[in-house]
Amino acid sequence: MLSTTGWVLKTWFKTTLWLALGVGAVWLFTEDTGYLTVAIIAAVLAEVWTIRSLCREWLTEAEVWCWWWPK
């Protein structure tokens, strides 16, 4: 379980870092605020999707390895 937790946290951190770099690049290299707004909304949606997927993965692993985990 600890390896799965570490993998989930590392994957979440890498995803968040890439999304932040993408939003930062849009902020630096575009002058239209419309693009920045779209980039922020897309990053937030991608972040929510990533968190939900990683939580689902972690819970599936918990059900397999933890006999005391409620089903």
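The basis for the numbers below is simple: all heavy atoms, side chains too, and nothing from hydrogens, waters or symmetry mates. Source: prediction; values computed, not measured.
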*Is it true that Leu17 and Trp12 fall in one hydrophobic cluster, defined by side-chain heavy atoms closer than 4.5 Å?*
no
*asked:* Checking side-chain polar atoms at under 3.5 Å, does Thr16 have a donor or acceptor matched by the opposite partner on Glu47?
replied: yes
*Using the rule that two of Ile, Leu, Val, Met, Phe, Trp, Tyr join whenever any of their side-chain heavy atoms come within less than 4.5 Å, decide whether Leu28 and Leu36 are in one cluster.*
yes
_According to a hydrophobic-cluster definition based on side-chain heavy atoms being under 4.5 Å apart (Ile, Leu, Val, Met, Phe, Trp, Tyr only), do Trp18 and Val44 belong together?_
no
*Hey, quick one: are Phe13 and Leu54 part of the same hydrophobic cluster, counting side-chain heavy atoms closer than 4.5 Å, chains of contacts allowed?*
yes
*Work out which heavy atom in Ala43 is nearest to a heavy atom in Val23; give both atom names and the distance.*
CB-CG2, 3.7 Å
*Report yes if the side chains of Ile40 and Trp27 come closer than 4.5 Å at any heavy-atom pair, otherwise no.*
no
*Consider only side-chain heavy atoms of I, L, V, M, F, W and Y, link residues closer than 4.5 Å, and tell whether Leu59 and Ile51 are in one cluster.*
yes
*Can a donor-acceptor pair be found between the side chains of Trp58 and Thr5 at a distance below 3.5 Å?*
yes
